[in-house]
Amino acid sequence: MIDDTLHKAIDAELGSKRCRLRFAKQLEARFEEDTQRRRSHMLVVAGMIAIPIYFLFLVNDYSFRAEIFIQILLLRLAGIFVISLPIFWLVYRGVSPIMREALMASIIVMTMLIACLVLSASTTPFSYFDVFSFGLILVAGNIFFPLRFSYACLSSALSILIMLTFVLDYEPMPREAKDLALLGIFTTTLFTLVTNYRLERSERKSYLLVLREKIRAGYYQKDNQKLSQLSMTDPLTNIANRRQFDSLLATRWQEAGEQGACLGLMVVDIDYFKAYNDYYGHLKGDKCLRKVAAAMQANSRDTDLVARFGGEEFVILMAEATAASARQAAERIRQSVEALQIPNVGHSSHSVITVSVGVATLCPSDGLTSADLFAHADAAMYIAKQQGRNRSWVADTDVLLSSANAIN
Ligand SMILES: Nc1nc2c(ncn2[C@@H]2O[C@H](COP(=O)(O)OP(=O)(O)OP(=O)(O)O)[C@@H](O)[C@H]2O)c(=O)[nH]1
């Protein structure tokens with residue numbers, strides 16, 4: 001399900017006035033997927049807590065029916081070890097939602113059956129007092145676990161049926177006591193089922209609200225990513241813009257300083273571009289800029305940043321550069337643009353689009369700044385222009401280094 005459809009389904013469920021608890025099919029599947037692990041875990045933990053509480057009733061068994069205490073103990077132990085614990089293990093390992101709820105509901109029904117068997121096996125006076133505590137079994141299933149509402153209804157109905165079968169025929173229990181006990185159990189069932197319904201409803205509503213917020217947060221994150229991508233990209237050439245270059249230059253300069261590495265920078269300017277624009281028009285000029293940018297991008301390393309600095313001027317920032325590698329890279333860039341063979345008849349009849357490249361390498365550890373790197377590459381580019389264009393020129397940084405050393 002795509003997020004938009006999911007978003008609509010959530011809004012529909014939240015706005016719905018129906019009493020039905022289950023969501024529409026796809027949303028229900030998502031709900032189960034997101035909550036099943038936590039729910040299985042919670043059910044098993046609740047079950048494990050219920051076991052020692054259940055064993056407290058042995059005290060009652062011992063005082064009311066000591067003569068059959070061992071048999072009762074064995075019956076209760078069988079209920080725990082043969083039925084309940086294997087069910088907890090299955091649920092913990094993960095079964096389908098239907099199976100999970102049905103298995104947990106069967107523990108409630110089984111507990112009621114054992115309670116009734118214990119009752120019917122004993123005819124001692126006051127043994128029937130047990131019946132007044134039967135409602136606790138439904139409290140466990142409907143509130144303590146709590147089972148999903150439909151399974152809570154089913155297990156409550158079955159438990160009451162079993163109880164009625166045993167209690168109505170149980171001779172030692174006076175009629176008045178039966179009436180009172182049954183009334184108590186019926187009302188307990190109603191109270192616990194209403195509570196169970198409200199618990200499940202609020203759990204589902206909370207889930208929807210959280211899911212909706214998560215989806216919204218996802219949208220905002222995507223929007224932010226898109227915006228930040230846009231703010232860092234040159235819209236004409238689709239390569240990095242000056243903002244991205246400035247930001248990366250500062251970061252890389254700092255990193256190079258920490259690692260004792262050097263950075264290389266190329267300033268690339270298209271030759272006689274005014275003539276191209278004047279002759280072919282601005283739209284063709286734009287197309288030419290895109291082709292030149294793509295060629296430079298294709299001929300740079302993945303770790304280098306190719307950016308449009310402005311107009312027909314580009315920069316290429318090279319990580320871990322040496323003077324020799326920067327010189328080689330500058331020549332590769334120059335040749336790649338010339339190889340495009342874009343005619344520039346506006347300049348002269350046999351001319352093609354070329355670039356002049358100024359390149360400099362500096363290490364932050366020499367006590368210089370990134371502005372020095374740019375100034376030197378830019379100055380070298382102007383020398384390349386003066387020397388006749390369509391060439392690369394490596395800046396002489398020795399003078400700068402010796403003056404920096406003198407200052408230091
Ligand atoms: N089509 C187009 N042209 C641009 C853009 N930005 C700058 N220009 C043009 O680029 C040209 C730059 O011309 P100049 O600075 O004189 O440089 P040049 O003609 O390339 O000469 P040299 O650099 O000295 O070789 C101008 O005509 C600008 O209008 C742009 O986004 N699109």
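Heavy atoms only: backbone and side chains are in, while hydrogens, waters and symmetry mates are out. Ligands are counted one by one from 1 in listed order, and the atoms in each one are counted from 1 as well. Treat the numbers as computed from the prediction; the structure is a model and nothing was measured.
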Practice item. Quick one: look up the protein heavy atom nearest atom 6 (N) of ligand 1 and list residue, atom name and how far away it is. Key: G311 CA, 3.2 Å
Revision key, fill the gap. Taking only non-hydrogen atoms of G285 and a 4.0 Å limit, the atoms of ligand 1 in range are 1 (N)
Exercise for review: Please identify which atoms of ligand 1 are closer than 4.0 Å to at least one heavy atom of D269.
Suggested key: 23 (O)
Revision key, fill the gap. When distances are taken from atom 15 (O) of ligand 1, the protein heavy atom at minimum range is E312 OE2, 4.1 Å
Check your understanding: So which protein heavy atom does atom 29 (O) of ligand 1 come closest to, and at what separation?
Key -> N277 ND2, 3.7 Å
Study note, to complete from the structure: atom 19 (O) of ligand 1 sits nearest the protein heavy atom K274 N, 2.8 Å
Check your understanding: Short list, please: which atoms of ligand 1 are under 4.0 Å from a heavy atom of I270?
Key -> 20 (O), 23 (O), 25 (O)
Exercise for review: Answer yes or no: is there an ion pair linking E33 with R30, defined by an N-O contact shorter than 4.0 Å?
Suggested key: no
**Study point:** NZ/NE/NH1/NH2 to OD/OE distance under 4.0 Å, D304 and R301
**Key:** yes
Exercise for review: Please determine if D271 and R391 form a salt bridge, counting it only when a charged side-chain N lies under 4.0 Å from a carboxylate O.
Suggested key: no
Exercise for review: Among all protein heavy atoms, pick the one closest to atom 20 (O) of ligand 1 and tell me residue, atom and distance.
Suggested key: F273 N, 2.7 Å
Practice item. Before accepting this row, confirm whether a basic side-chain N of the pair D61/R76 lies closer than 4.0 Å to the acidic partner's carboxylate O. Key: yes
Practice item. Indicate whether the side chain of R308 and that of N241 have a donor and an acceptor atom separated by less than 3.5 Å. Key: no
Practice item. Kindly assign one of parallel, tilted or perpendicular to the pair F126 and F129, based on the angle between their ring planes and the thresholds 30° and 60°. Key: tilted
**Study point:** From the candidates M381, H282, K385, R308, the one that places a heavy atom nearest atom 31 (O) of ligand 1
**Key:** R308
**Study point:** Residue and atom name of the nearest protein heavy atom (relative to atom 24 (O) of ligand 1), distance in Å to one decimal
**Key:** R389 NH2, 2.9 Å
Exercise for review: Do me a favour and list the nearest non-hydrogen protein atom to atom 21 (O) of ligand 1 with residue, atom name and distance?
Suggested key: Y272 N, 3.7 Å
Check your understanding: Atoms of ligand 1 less than 4.0 Å from D271 heavy atoms?
Key -> 20 (O), 25 (O)
Practice item. Measure from the side-chain N and O atoms of S325 to the backbone N and O of A321, and report whether any donor-acceptor pair falls under 3.5 Å. Key: no
Exercise for review: Note the single closest protein heavy atom to atom 32 (N) of ligand 1, along with its residue, its atom name and the distance in Å.
Suggested key: D286 OD1, 2.7 Å
**Study point:** Interatomic distance, Y197 atom OH to C153 atom SG [nearest 0.5 angstrom]
**Key:** 10.5 Å
**Study point:** Under 3.5 Å donor-acceptor, T251 side chain and S247 backbone
**Key:** yes
